[in-house]
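What follows is a set of notes on a single structure, which appears directly below.
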Amino acid sequence: MTKEELFEKAVDAFGEGNLEESVKTYRQALEIDPRYQDALHGLARALLDQGRLPEAEETAKRLIEIDNDDVLAH
């Protein structure tokens with residue numbers, strides 16, 4: 001699967017309320033491209049919704065390192 005296909009699969013899982021599957025799939029997309037900002041945004045949100053704040057914050061920091069002007073990451 002491409003990173004885009006994995007991203008779409010993760011979005012679908014998130015929409016269905018399957019946060020664990022969503023996190024897993026976002027991470028698979030990030031294995032292909034660690035700087036894939038859409039997947040990082042989705043991962044941060046899924047982690048936040050699971051109450052995994054430290055991991056969500058780390059993900060946001062990765063986004064800021066990639067693009068310091070990323071409003072959502074801040």
Check your understanding: So does Glu20 pair up with Arg52, basic N to acidic O under 4.0 Å?
Key -> yes
Exercise for review: Decide, yes or no, whether a salt bridge links Lys61 with Glu58 under the criterion of side-chain N to carboxylate O below 4.0 Å.
Suggested key: yes
Exercise for review: Report yes if the side chains of Phe7 and Thr2 come closer than 4.5 Å at any heavy-atom pair, otherwise no.
Suggested key: no
To the nearest 0.5 Å, what is the distance between [atom1] on [X] and [atom2] on [Y]?
X     : Y     : atom1 : atom2 : value
Arg62 : Leu40 : CZ    : CG    : 5.0 Å
Glu16 : Glu21 : CD    : CD    : 9.5 Å
Glu8  : Leu6  : CD    : CG    : 10.5 Å
Gln37 : His41 : CD    : NE2   : 5.5 Å
Thr59 : Ile64 : OG1   : CD1   : 11.0 Å

**Study point:** Qualifying residues under salt bridge (charged side-chain N to carboxylate O under 4.0 Å, His left out), relative to Glu4, sequence neighbours excluded
**Key:** none
Practice item. Please answer whether the main-chain N or O of Asn18 pairs with a side-chain N or O of Ser22 as donor and acceptor at a distance below 3.5 Å. Key: no
Practice item. Please check if Tyr26 and Leu63 belong to a single hydrophobic cluster, counting links between Ile, Leu, Val, Met, Phe, Trp and Tyr side chain heavy atoms closer than 4.5 Å. Key: yes
Review point. Can you get from Leu47 to Val11 by hopping between Ile, Leu, Val, Met, Phe, Trp and Tyr side chains that sit under 4.5 Å apart?
Key: yes
Check your understanding: Crowded around Lys24 NZ? As in, over 12 foreign heavy atoms under 6.0 Å?
Key -> no
Revision key, fill the gap. From the list Leu43, Ile66, Leu30, side-chain contact (heavy atoms from CB on, under 4.5 Å) with Tyr36 holds only for Leu30
**Study point:** Closest heavy-atom pair and its distance - Met1, Ile32
**Key:** O-CD1, 3.6 Å
